[in-house]
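As structure tokens, the structure follows; a few thoughts come after it.
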Amino acid sequence: AHLESRGRELNEEVRSYPTPIARCDEQLTKLIEQRGGLLERAQAMAAIESARASEFTVLAREFCASYPPGDDPIESDLLARLRDALAP
């Protein structure tokens with residue numbers, strides 16, 4: 001749910017970005033990259049949720065291991081809680 005919510009926020013930020021946009025605008029580029037990465041992670045999470053029970057833990061651990069560090073404290077907390085829940 002957090003990934004979906006954050007995705008909507010990023011979409012709105014990109015959609016409402018002030019124009020005209022300079023080619024060298026690093027902030028917009030960063031927003032678009034964040035949105036793309038978030039979409040990839042949301043798709044990965046959807047695949048994990050639909051996986052067979054026997055694959056769920058392995059896929060979820062791989063997801064956590066490959067999750068890029070970020071500056072969103074909510075996301076960091078959720079990831080830490082997921083890692084703790086998956087600990088052997």
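In this text, all values refer to a predicted model and were calculated from it rather than measured experimentally.
- Among all heavy-atom pairs drawn from H2 and L78, the shortest one is CB-CD1, 3.5 Å.
- Residues meeting the ring-ring contact (aromatic ring centres under 6.0 Å, His included) test with Y17, sequence neighbours left out: none.
- Under the 4.5 Å side-chain criterion, counting only non-hydrogen atoms from C-beta, Q43 is in contact with L39.
- Applying the salt bridge (charged side-chain N to carboxylate O under 4.0 Å, His left out) rule to E4 yields no partners; only residues at least two apart in sequence or on another chain are considered.
- When the side chains of ILVMFWY residues are joined at heavy-atom separations under 4.5 Å, either directly or via intervening members, V14 and L3 end up in a single hydrophobic cluster.
- When every heavy atom of L31 is checked against every heavy atom of L10, the shortest pair comes out as CD2-CD2, 3.9 Å.
- With sequence neighbours excluded, no residue forms a salt bridge (charged side-chain N to carboxylate O under 4.0 Å, His left out) with R8.
- For the atom pair E26 CD and E33 CD, the distance stands at 10.0 Å (nearest 0.5 Å).
- Applying the ring-ring contact (aromatic ring centres under 6.0 Å, His included) test to residues at least two apart or on different chains, the pairs with a partner in residues 24-64 are F63-Y67.
- Minimum heavy-atom separation, R83 to C64: NH2-O, 2.7 Å.
- Rounding to the nearest 0.5 Å places OG of S50 at 11.5 Å from CE of M45.
- Note: N11 CG to I32 CD1 = 10.5 Å, rounded to the nearest 0.5 Å.
- In this view, E12 and R15 satisfy the salt bridge (charged side-chain N to carboxylate O under 4.0 Å, His left out) rule, not counting sequence neighbours.
- Formation of a donor-acceptor pair under 3.5 Å by the S5 side chain with backbone atoms of A1 is not found in this model.
- Ion pairing between a basic and an acidic side chain is recognised when a charged N comes within 4.0 Å of a carboxylate O; E9 and R6 show such pairing.
- Judged purely by atom type and a 3.5 angstrom limit, R61 uses its side chain to pair as donor or acceptor with the backbone of L86.
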Q) Should L79 and E75 be marked as a side chain to side chain contact (heavy atoms under 4.5 Å, CB included) after you check the CA-CA gap, both sets of side-chain angles, and the distance that decides it? A) CA-CA 6 Å; L79 188 60; E75 207 168 294; 6.0 Å; no

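- The two atoms that bring S76 and G70 nearest to each other are OG-O, 4.2 Å, heavy atoms only.
- Taking the salt bridge (charged side-chain N to carboxylate O under 4.0 Å, His left out) definition, one finds that D77 meets it with R81, sequence neighbours left out.
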